[in-house]
Amino acid sequence: MSKFQSKAIKDAKSIFIVSSGNFLEMYDFAVYGFYASFIAQVFFPSNSQFASIMMSFAAFGAGFLMRPVGAILLGAYMDKHGRRKGLLLTLVLMAVGTLTIAFCPGYEKIGIFAPLIILLGRLLQGFSAGAELGGASVYLSEIAPNNKKGFYVSWQSASQQVATIVAGIFGVVLHYCLGDLVVSEWGWRIPFIFGCLVVPFLFFIRRSLEETPEFKARVHQAPKKLREMIGNMVENWQIVVLGSLFVMMTTVSFYFITAYTPTFVSKVLEFSRLDSFIVTAIIGLSNLFWLPVMGALSDKIGRKPILITMTLLNLITAYPVMYFLAHHISFTNLVIVELWLSFIYGSYNGAMVVALSEIMPIQVKTLGFSLSYSIAVAIFGGFTPAVSTYLIHITDNAAMPGIWLSIAALGSLFATLMFFRKNRV
């Protein structure tokens with residue numbers, strides 16, 4: 001076996017191991033979004049279905065508010081102590097948050113403590129996720145050959161699509177085997193328990209990760225104190241702000257077409273729960289295809305053409321396609337619209353994630369990446385299900401989430417143009 005083949009196999013193994021943690025992160029988030037209406041009934045009971053679901057989505061979004069905190073503390077930890085140790089820590093924290101949600105008694109049994117415990121579980125998940133994605137992306141970027149960074153890093157996001165597919169298939173099987181009534185009462189806990197069961201395996205394989213050569217080479221040059229790292233970020237605050245806008249379209253699009261889709265399809269368009277999970281699984285497959293393809297294409301033609309083209313497409317088409325769906329409701333049209341949004345998301349994200357890792361100051365790359373991404377998710381993406389639900393409620397217009405998608409595209413287009421003007425990507 002040649003040296004080149006040996007490195008390729010080693011890198012493929014590292015990509016799988018690193019991405020496995022991202023799988024768990026997104027699986028847990030997706031499952032909560034998928035079963036938000038059932039979680040609302042169990043932990044956030046109300047005379048108003050709208051109020052109940054809004055409280056459930058608010059708890060979902062609150063977890064994202066912890067991501068910037070996790071990005072700062074865990075991101076700094078990774079920049080100081082290494083990517084490997086940090087990725088093990090985030091995995092443990094994510095598992096604890098998932099266990100909390102899976103086994104929490106309902107409101108009828110413990111009263112107000114039930115929603116508080118669910119909120120605590122979401123906060124723990126959000127805290128760990130604050131650096132998980134950034135740590136994984138930076139790790140893959142640092143082990144990748146210069147001409148394949150986009151392709152390597154795209155698998156971080158691709159693993160999240162595998163999680164969406166698994167969660168969607170899980171939903172199809174549960175609803176087919178148990179029925180809506182049983183799933184709404186207790187069956188929704190099964191996917192969370194499954195997430196807990198895979199943690200020991202993921203922790204075991206992550207322990208075999210080696211530290212990246214790039215980190216080893218500059219470990220003595222990195223800031224040693226959290227205060228110094230945060231000071232470096234303050235000096236580069238413009239990069240963090242633009243980085244958050246850069247991520248805006250990715251995070252809003254992703255949480256719309258994955259976490260919010262089951263609720264939108266079943267509650268707004270009035271399809272069956274089974275239909276909603278089938279669509280979600282299809283979208284996961286579409287995302288899984290476009291992410292590595294467009295990541296590899298960005299290595300060939302550059303990040304700029306893809307980033308600008310996709311933000312413009314989302315800006316121009318998001319509301320029209322949602323309007324079309326709202327006024328021509330059919331399963332076929334639903335799949336077509338979701339696949340279009342998936343194409344835009346997968347193409348943009350395939351180029352964006354690696355570009356974000358390339359613009360961050362090298363001494364605090366994980367912290368900078370994680371903080372920018374976490375702020376975007378906390379402010380924009382995490383509350384996309386709640387924002388979409390509210391916009392539809394006050395306007396009685398099922399197409400209104402398209403406006404939110406277009407606003408996100410405008411923010412990311414602005415950031416893209418600014419970064420290229422400064423020749424940062």
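Index from 1, following the sequence. Just so you know, these numbers come straight off a predicted model, no measurement behind them.
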**Q** Between Tyr255 and Val377, is any pair of side-chain heavy atoms under 4.5 Å apart?
**A**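 Yes; the side chains approach each other to less than 4.5 Å.
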**Q** If a pair satisfies salt bridge (charged side-chain N to carboxylate O under 4.0 Å, His left out) and one of its residues is in residues 385-404, list it, with sequence neighbours excluded.
**A**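 Every pair satisfying salt bridge (charged side-chain N to carboxylate O under 4.0 Å, His left out) with a residue in residues 385-404: there are none.
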**Q** Sequence neighbours left out, what passes side chain to side chain donor-acceptor pair (under 3.5 Å) with Ser330? Give chain and number order.
**A**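 Ser330 satisfies side chain to side chain donor-acceptor pair (under 3.5 Å) with Asn333 once adjacent residues are dropped.
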**Q** Can you spot which of Thr317, Leu325, Val279, Ile257 makes a side chain to side chain contact (heavy atoms under 4.5 Å, CB included) with Val337?
**A**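 That would be Leu325.
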**Q** Do the side chains of Met322 and Phe264 get nearer than 4.5 Å, heavy atoms only?
**A**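 Side-chain contact under 4.5 Å: yes.
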**Q** For residues 35-55, which residue pairs pass the salt bridge (charged side-chain N to carboxylate O under 4.0 Å, His left out) check, not counting sequence neighbours?
**A**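 Passing the test, one end in residues 35-55: no pairs.
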**Q** Quick one: which residue pairs count as a side-chain hydrogen bond (donor to acceptor under 3.5 Å, both in side chains) with a foot in residues 258-269, not counting sequence neighbours?
**A**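 Found Thr261-Glu338.
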**Q** Only one of Ile190, Ile165, Val31 passes side chain to side chain contact (heavy atoms under 4.5 Å, CB included) with Phe170; say which it is.
**A**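 Looking at Ile190, Ile165, Val31, the match for Phe170 under the side chain to side chain contact (heavy atoms under 4.5 Å, CB included) is Ile190.
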**Q** With salt bridge (charged side-chain N to carboxylate O under 4.0 Å, His left out) as the rule and sequence neighbours excluded, what pairs involving residues 117-127 come up?
**A**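 Sorted result for residues 117-127: empty, none.
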**Q** Does CZ belonging to Phe331 count more than 12 external heavy atoms closer than 6.0 Å?
**A**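 Counting other residues, nucleotides and ligands, CZ of Phe331 exceeds 12 neighbours.
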**Q** Could you walk me through whether Phe194 and Tyr27 satisfy the ring pair (Phe, Tyr, Trp, His ring centres under 6.0 Å) test, starting with their C-alpha distance in whole Å, then the side-chain angles of each, then the deciding distance to 0.1 Å, before giving a yes or no?
**A** CA-CA 10 Å; Phe194 170 78; Tyr27 174 83; 5.7 Å; yes
**Q** We want to know whether Gln125 and Thr98 form a side-chain donor-acceptor pair, criterion being a heavy-atom distance below 3.5 angstrom.
**A**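 There is such a pair between these side chains.
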**Q** Name every donor-acceptor pair, under 3.5 Å, that has one atom in a side chain of residues 102-112 and the other anywhere in the protein, sequence neighbours excluded.
**A**
none

**Q** May I ask you to test the Asn349-Met352 pair for a side-chain heavy-atom distance under 4.5 Å?
**A**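 Asn349 reaches Met352 side chain to side chain.
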**Q** Side-chain polar contacts of residues 61-74 - donor-acceptor pairs under 3.5 angstrom, sequence neighbours left out - could you list them?
**A**
from  : atom 1 : to     : atom 2 : distance (Å)
Arg67 : NH2    : Ala129 : O      : 3.4

**Q** Is there side-chain contact between Tyr348 and Thr416, with heavy atoms separated by less than 4.5 Å?
**A**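 Heavy-atom side-chain distance check passes, below 4.5 Å.
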**Q** What pairs meet the side-chain hydrogen bond (donor to acceptor under 3.5 Å, both in side chains) rule with one or both residues in residues 280-299, with sequence neighbours excluded?
**A**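 Found Gln161-Asn287, Ser286-Ser342, Asn287-Ser342, Ser298-Arg303, Asp299-Arg303.
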**Q** Taking ring pair (Phe, Tyr, Trp, His ring centres under 6.0 Å) as the test, write out the residues that go with Phe254, two or more places apart.
**A**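 For Phe254, the residues satisfying ring pair (Phe, Tyr, Trp, His ring centres under 6.0 Å) (neighbours in sequence not counted) are Tyr345.
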**Q** What do you reckon, are the aromatic ring centroids of Trp188 and Phe43 less than 6.0 Å apart?
**A**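 Centroid distance Trp188-Phe43: below 6.0 Å, so yes.
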**Q** Testing the basics here: between Leu405 and Ala318, what is the closest heavy-atom pair and its distance to 0.1 Å?
**A**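 Heavy atoms only, the tightest pair is CB-CB, 3.7 Å.
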**Q** Heavy-atom count around Tyr390 OH within 6.0 Å, excluding the residue itself: above 12?
**A**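 12 or below, so no.
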**Q** Listed by chain and number, what are the ring pair (Phe, Tyr, Trp, His ring centres under 6.0 Å) partners of Phe324, not counting sequence neighbours?
**A**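 Ring pair (Phe, Tyr, Trp, His ring centres under 6.0 Å) check on Phe324 returns His328.
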**Q** Considering non-hydrogen atoms only, spot the tightest contact between Ala398 and Val268 and give its length.
**A**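 Scanning both residues completely, I find the closest heavy atoms to be CB-CG1, 3.6 Å.
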**Q** Tell me every residue that passes salt bridge (charged side-chain N to carboxylate O under 4.0 Å, His left out) with Asp275, counting only those two or more places apart in sequence or in another chain.
**A**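 Residues passing salt bridge (charged side-chain N to carboxylate O under 4.0 Å, His left out) with Asp275: none at all.
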**Q** With sequence neighbours excluded, what pairs up with Trp340 under the ring pair (Phe, Tyr, Trp, His ring centres under 6.0 Å) test?
**A**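 If we apply the ring pair (Phe, Tyr, Trp, His ring centres under 6.0 Å) test to Trp340, skipping adjacent residues, the hits are Phe343.
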**Q** Distance-only, no hydrogens or angles: does the Ser388 side chain make a donor-acceptor pair with backbone N or O of Pro385 under 3.5 Å?
**A**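 Between the backbone of Pro385 and the side chain of Ser388 there is no qualifying donor-acceptor contact (under 3.5 Å).
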